[in-house]
Amino acid sequence: METFDAKIMRKLFRMSPRADRLFDQIRSSLRAERVANPPGPGNLRDLKAQADKDALQQTYQTISSDPSYAEDATTYDQLFKKEYGDVAVRA
């Protein structure tokens, strides 16, 4: 898993319930943390949207680095390869 792409991550969530559950857990904890302790001025919608973006990135990092998510990482690579071509993914 080389390159983060939010579109490919969303496709992975549709195909892998396990990855979707991981994302939901990370997203709910980040949202709760951001709403309870806002990092600065801003409305609630912006804080939640930023928490969602950060949750996507953290889920990608977890899937790419944790050996227990190897199957999901392989699925991500296949989806990425299908979307962007063979040269985009290096093994």
Extract all donor-acceptor atom pairs below 3.5 Å that involve side chains of residues 8-16 and protein atoms in other chains or at least two apart in sequence.
from: Lys11; atom 1: NZ; to: Glu83; atom 2: OE1; distance (Å): 2.9
from: Ser16; atom 1: OG; to: Ala19; atom 2: N; distance (Å): 3.3
from: Ser16; atom 1: OG; to: Asp72; atom 2: OD1; distance (Å): 2.7

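Between Phe80 and Tyr84, the ring planes lie tilted relative to each other; the angle falls in the 30° to 60° range.
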Subject >> Verdict with supporting geometry, Arg27 and Thr59, side-chain contact (heavy atoms from CB on, under 4.5 Å) >> reply: CA-CA 9 Å; Arg27 180 178 63 179; Thr59 304; over 6 Å; no
**OP:** Given side-chain hydrogen bond (donor to acceptor under 3.5 Å, both in side chains), test Asp54 with Gln50 step by step and report yes or no.
**Re:** CA-CA 6 Å; Asp54 292 344; Gln50 186 60 43; 3.1 Å; yes
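In this structure, the side chains of Tyr69 and Arg18 come closer than 4.5 Å at one or more pairs of heavy atoms.
Nearest approach of Thr3 to Tyr60, heavy atoms of both residues: N-OH, 3.3 Å. Scanning all heavy atoms of the two residues, the minimum distance from Ala55 to Leu30 falls at N-CD1, 3.6 Å.
Between Arg21 and Asp24 no salt bridge is recorded (no basic side-chain N to carboxylate O distance below 4.0 Å). Contact check on Arg31 versus Asp52 returns a salt bridge, with a Lys/Arg side-chain nitrogen under 4.0 Å from an Asp/Glu carboxylate oxygen.
Remark: Gln58 CD to Leu22 CG distance equals 9.5 Å, nearest 0.5 Å.
Under the rule for a salt bridge (charged side-chain N to carboxylate O under 4.0 Å, His left out), Asp20 has no partner lying at least two apart in sequence or in another chain.
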